[in-house]
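Just so we're clear, the structure is a prediction, and the values are computed from it rather than from any experiment.
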Amino acid sequence: YVLVFSGEKLNGFFTGHNSYEKIQVDYYLDLSALKGTVSMTYNLQDNDNYDFVSIASDGTVKQGRISNGNTEVFEEGTTDVSKPLFVRVVSNDTHFRGYIDKKMVVHGHGDAPKAGSAGLKVEGSGTLILQKMSLTKL
């Protein structure tokens with residue numbers, strides 16, 4: 001099963017309806033043809049309040065929180081986006097981690113978030129391929 005997001009000026013935010021507090025979400029993504037950013041979101045309350053791990057087309061990886069529309073970045077790293085990626089995001093109390101191809105790239109700390117939904121946000125132009133997404137409650 002594959003879900004493809006393709007076009008110019010992509011601006012989509014897709015989330016589930018269930019709420020989770022402590023979670024691990026695995027994504028199999030290919031953003032090699034995307035000029036923009038994909039964000040794996042979790043603990044989402046609304047469009048202005050959620051946690052995220054983002055990967056930009058230049059390879060920049062950020063882990064942080066959007067609170068009342070303001071972005072706080074807990075940690076930054078880099079990765080190679082020229083190939084398909086296995087991305088894992090983990091939210092466990094005050095610890096937030098982002099793994100790419102089973103290597104921890106970002107690890108941030110913040111206040112324990114409220115339970116919320118998980119999803120995917122894509123911004124930019126080109127093509128993003130989501131091959132698989134799975135969620136595990138911790």
If I take atom [atom1] from residue [X] and atom [atom2] from residue [Y], how far apart are they, to the nearest 0.5 angstrom?
| X | Y | atom1 | atom2 | answer |
| --- | --- | --- | --- | --- |
| D30 | L85 | CG | CG | 7.5 Å |
| Q63 | M40 | CD | CE | 10.5 Å |
| I55 | T78 | CD1 | OG1 | 11.0 Å |
| L135 | I23 | CG | CD1 | 5.0 Å |
| S134 | Q24 | OG | CD | 7.5 Å |
| N11 | F5 | CG | CZ | 12.5 Å |

Without swapping roles, check the side chain of T15 against the backbone of A118 for a donor-acceptor pair under 3.5 Å. no
Could you list the residues that satisfy side chain to side chain contact (heavy atoms under 4.5 Å, CB included) with [X], not counting sequence neighbours?
| X | result |
| --- | --- |
| T71 | F52, I66, V73 |
| N18 | Y20 |
| N92 | K22, V90, L138 |
| N49 | Q45, D46, S67, N68 |

Within the 3.5 Å criterion, strictly below it, is a donor on S39 or S54 matched to an acceptor on the partner's side chain?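 The answer is no; no qualifying pair exists.
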Working for side chain to side chain contact (heavy atoms under 4.5 Å, CB included), residues I129 and L29: CA-CA 6 Å; I129 299 171; L29 299 170; over 6 Å; no
Sorted by first residue and then second, give each salt bridge (charged side-chain N to carboxylate O under 4.0 Å, His left out) pair with at least one member in residues 12-21; sequence neighbours left out.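 Every pair satisfying salt bridge (charged side-chain N to carboxylate O under 4.0 Å, His left out) with a residue in residues 12-21: there are none.
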Which pairs with one or both residues in residues 56-66 pass salt bridge (charged side-chain N to carboxylate O under 4.0 Å, His left out), sequence neighbours excluded?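 Residue pairs with at least one partner in residues 56-66: D51-R65.
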What heavy-atom pair brings [X] and [Y] nearest, and what distance separates the two atoms?
| X | Y | value |
| --- | --- | --- |
| Y27 | G119 | OH-O, 2.7 Å |
| G77 | V105 | CA-CG1, 4.0 Å |
| A112 | T94 | N-CG2, 3.8 Å |
| F74 | G108 | CB-CA, 3.7 Å |
| F13 | L44 | CZ-CD1, 3.2 Å |
| F96 | G110 | CE1-N, 3.4 Å |

Using the salt bridge (charged side-chain N to carboxylate O under 4.0 Å, His left out) criterion, which residues pair with K83? Sequence neighbours excluded. D101
Which residues pass the salt bridge (charged side-chain N to carboxylate O under 4.0 Å, His left out) test with D26, not counting sequence neighbours?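 Result, salt bridge (charged side-chain N to carboxylate O under 4.0 Å, His left out) vs D26: R88.
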Does F86 sit in a hydrophobic cluster with other residues, and if so which ones, taking ILVMFWY side chains as linked at heavy-atom separations under 4.5 Å, directly or through other members? Y28
Check the pair Y99, V53 against side chain to side chain contact (heavy atoms under 4.5 Å, CB included), reporting the backbone distance first and the verdict last. CA-CA 9 Å; Y99 299 84; V53 171; over 6 Å; no
Is M104 linked to V87 within one hydrophobic cluster, defined over Ile, Leu, Val, Met, Phe, Trp and Tyr using a side-chain heavy-atom separation of less than 4.5 Å? no
Intermediate values then yes/no, side chain to side chain contact (heavy atoms under 4.5 Å, CB included), V81 and L34: CA-CA 9 Å; V81 297; L34 180 71; over 6 Å; no
Check against side chain to side chain contact (heavy atoms under 4.5 Å, CB included), T127 and V4: CA-CA 7 Å; T127 301; V4 177; 3.6 Å; yes
For residues 100-137, which residue pairs qualify under ring-ring contact (aromatic ring centres under 6.0 Å, His included), counting only residues two or more places apart or in two chains?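 Qualifying pairs, neighbours excluded: H95-H107, H95-H109, H107-H109.
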How would you list all residue pairs meeting side-chain hydrogen bond (donor to acceptor under 3.5 Å, both in side chains) that involve residues 111-123, not counting sequence neighbours? Y50-K121
Using the side chain to side chain donor-acceptor pair (under 3.5 Å) criterion, which residues pair with S82? Sequence neighbours excluded. D80
